[in-house]
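The block underneath contains the structure these notes are about, expressed in C-alpha cells.
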Amino acid sequence: MGENESRQVQEVDVAILGAGFSGLGMAIELLKRGREDFVILERGADVGGTWEFNTYPGCACDVPSNLYSFSFAPNPDWKRTYSRQPQIREYLHGVADRFGVRDRVRTNTQVTEASWSVSEGRWDIETSTGPVQARVLITGAGPLADPKLPDVPGIETFEGHSFHSARWDHDYDLRGKRVAAIGTGASAIQFVPEIQPQVAQLHVIQRTPPWILPHTARPVSKLERALYRRLPVVQRIQRGFVYTARELLAIGFTRAPKLLSLVQRLAERHMDRQISDPELRRKVQPDYTIGCKRILPSNKWYPALGADNVELHTGGVKEFKPHSIVTGDGTEIEVDAVVYGTGFQVTDMPIGHFVRGRDGNTLAEHWNGSPRAHLGMTVSGFPNLFLLLGPNTGLGHSSMVYMIESQIARVAAALETMDERAAETIEVSPEAERRFTESVDERMQSTVWNSGCSSWYIDQTGRNSTLWPDFTFVFRRDSAQIEAGEFEFDSERTRTEVPA
Ligand code: NAP
C-alpha cells in the first residue's frame, strides 16, 4: 500500500475494535438495526478473537457449548458438551459468514492510537493499515487478549525456545525435549496433559495450586444433535437449564462463600481419587477457599502430574539463565524449551494505553491503576466510547457471551437514543459512574474473591476491577434500562475544548 493510499482516512459512523464474540455480535446487532456504516478493525488474520489466537493443544471452553454461544445462533452440531477450540473457531467463522459481517472486517489491522477530537466530535483512530475516523468507537478487545510473561530476572537471557500458550508455536517440535511449563491456570491444565506424553521431561512450575473439579465433558450423541436440529426448542430448554444451574453457583460466589464448602469437598475427593502419592497430594493442596481463584475442571491434570516424566515444582520461578530456570526453592533445571501458561494483561489492559479521551489522557491514566466503567461500558471523559467486556464484567461461573449480549443490547439502545435526540455525543455522567462503582465495590465485599487469595482479578490498588459481583440476570436487567441522568447528550461539558 502506497504512502498516500495508506493515509487515506476511512470515515465511518461506528468503528469496532476486535472481531471476536464481542465485535462480531455487535456488528450483527448493528446490521439487524439497519446500521450499515461501520468497520471492524481486527489485528488477527481472521475473525474469532481469542478462539483464533489460542490454538494450544487441548484448548477448550469450560462453559457448556449450548450456553457458550450466541442466543440468536444456536448450533445443533456441537460435537461435545464442552467445545474444543477448533469447533468454537469454526462456529464464529460460520456466524460471521451467515450474518454477513465478514466483509466488514479489516484484518491484520492493529489499532495503535484512538483519540477523541473535541473539535470534530469524532474518534481519530490510527491503525497499521491506515487511519479511520468514526463518530462512535466500540472496543471488543477482550480482557484475555494480550499474553503476560512473568516478571522474573533474566527472562530475556534464556537461549532455549520459548512461547506463550496463547501464541503456541506449532512449528516447534516438543517431542523428546526437556520442557518447563510455567503456570497452573486454566490454560496450563489443558495443555500440560496433552504435551506430557510427547516430551522427554516436563517440569511444571506452580506458584499457587488451583482447585480442580471432575470434568463432565462428553461427546454430544447423534440422537441429541438430530433432536436439536428438528426441535430447536429442546436445545433452548437445555441452554436454559445450564444457565440456571450455573446461576445457582453465583449465590456461593457472591453472597455466601460458605456454601462453596460443598464444592470444595467434591474437589478434595477428586484429588484423593486421582493421586496416590502423598507428596504430590501435599503439593497440589490449595490453601485458600475454593472459588477465590477460577475453579478448573479436569480429569487429566492430576494423572499428568503423576506421570514418570513429570516433576511438579512449587514456589514459582525465581530466575532465568541461558539454558536453565531457577525455581523458588533454588533448584536449577536445565531445559530446552519454556512454555508460558502465565495468563494475560487483565487489569492493565493494553487498550487502556492507546485510547485517549476529551482531556487527552489515556484510559489507563484516567483509571490510575483501577479500571472503572459504568456497567463495564462507559467512562466519563470518553464520549461516544463503549467498552465491551470492560471492567467488572468478568465471571467465575457462567458464559461471557451472555454478558456480551447484555452489553450489545445496551450499546444499540444508546445509539438509538442518540438518534432520537439528534445528539452528536453521548457520555456517561460522572455521578452515574461513581454510583455504579460504589455499588460494585459494596457488593464485592461479600464475595469469595475477597476471601484472601491473590489473583489476577485484583488490580494494583487492591480493588477487584475484573469481576461482576452479582447474578448475570441482574447485569442484564441493569443494562436494559437507560435511566434519566445516566447519560449526557451534547452537553456543554463534553464540547469543552481542551486548553492548549
Ligand atoms: P491464569 O489463570 O492467569 O494463570 C496463570 C498462571 O501462571 C497461574 O497459575 C499463575 O500463578 C502463574 N504465574 C504467573 N506468573 C508466574 C510466575 N512469575 N511464576 C510462576 N507462575 C506464574 O492464565 P490462563 O491459565 O491463561 O487463564 C486465564 C483465563 O483465561 C482463565 O481464568 C479463563 O477465564 C480463561 N481461560 C479459560 C479456559 C477455559 O474455558 N477452559 C481456558 C484457558 C483460559 P498464580 O496463581 O500464583 O498467580
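Note that these values count all heavy atoms, side chains included, but never hydrogens, waters or copies made by symmetry. In listed order, ligands and their atoms are each counted from 1.
Considering only non-hydrogen atoms, atom 31 (C) of ligand 1 lies nearest to Arg294 out of Arg294, Lys293, His164. One option in Leu296, Thr208, Val317 has a heavy atom closer to atom 19 (N) of ligand 1 than any other, and that option is Val317. Between atom 16 (C) of ligand 1 and the options Gln206, Met400, Arg207, the minimum heavy-atom separation is to Arg207.
For ligand 1, the polar-atom distance check against Cys61 finds no nitrogen or oxygen pair separated by under 3.5 Å. The N/O atoms of Gly341, backbone and side chain alike, include one that comes under 3.5 Å of an N/O atom in ligand 1. Not one N or O of Ser165 is nearer than 3.5 Å to an N or O of ligand 1, by distance alone. Polar contact with ligand 1: present for Ala60 (N/O pair, distance under 3.5 Å).
Taking atom 2 (O) of ligand 1 as the reference point, the nearest protein heavy-atom neighbour is Trp456 NE1, 3.2 Å. Of the protein's heavy atoms, Ser187 OG, 2.6 Å lies nearest to atom 26 (O) of ligand 1. Closest to atom 18 (N) of ligand 1, if we only count protein heavy atoms, is Pro150 CB, 3.3 Å. With respect to atom 4 (O) of ligand 1, the closest heavy atom belonging to the protein is Gly185 CA, 3.6 Å. Looking only at heavy atoms of the protein, atom 12 (C) of ligand 1 is closest to Gly183 CA, 3.6 Å. Looking from atom 35 (C) of ligand 1 to the surrounding protein, the closest heavy atom is Leu144 CD1, 3.6 Å. Looking from atom 41 (N) of ligand 1 to the surrounding protein, the closest heavy atom is Gln190 NE2, 2.9 Å. Among all non-hydrogen protein atoms, the one lying nearest atom 38 (C) of ligand 1 is Ala186 CB, 3.9 Å.
Arg410 and Ser406 are not linked by any side-chain donor-acceptor pair at a separation below 3.5 angstrom, with hydrogens and angles left out of the test. Judged purely by distance below 3.5 Å, without hydrogens or angles, the side chains of His93 and Glu52 pair a donor atom with an acceptor atom. A side-chain donor-acceptor contact under 3.5 Å links Asp459 and Ser465. A donor and an acceptor atom, one from each side chain of Glu224 and Ser221, are located under 3.5 Å apart.
Contacts with ligand 1 closer than 4.0 Å are made by no heavy atom of Lys148, backbone or side chain.
Residue contact check: Asp62 has heavy atoms under 4.0 Å from atoms 39 (C), 40 (O), 41 (N) of ligand 1. Taking every non-hydrogen atom of Ile182 and a distance limit under 4.0 Å, the qualifying atoms of ligand 1 come out as 20 (C), 21 (N). For ligand 1, the atoms sitting less than 4.0 Å from at least one non-hydrogen atom of Tyr56 are 42 (C), 43 (C), numbered in the order shown with element in parentheses.
The shortest distance between side-chain heavy atoms of Tyr288 and Ser451 does not fall below 4.5 Å. At a threshold of 4.5 Å between non-hydrogen side-chain atoms, the residues Trp78 and Tyr68 do not count as touching. For the pair Leu17 and Ile40, the minimum side-chain heavy-atom distance is 4.5 Å or more.
Taking the six-membered ring where the residue is Trp, His313 and His203 present tilted rings, their angle falling between 30° and 60°. Using the six-membered ring where Trp is involved, His270 and Tyr302 have ring planes that are tilted, between 30° and 60° apart. Note: Trp168 and His170 have tilted aromatic rings, judged against thresholds of 30 and 60 degrees for the angle between ring planes.
Arg477 contributes atom CZ, which lies 8.0 Å from atom CG of Asp470 (distance to the nearest 0.5 angstrom).
Between the side chain of Arg102 and the backbone N or O of Ala96 there is no donor-acceptor pair closer than 3.5 Å.
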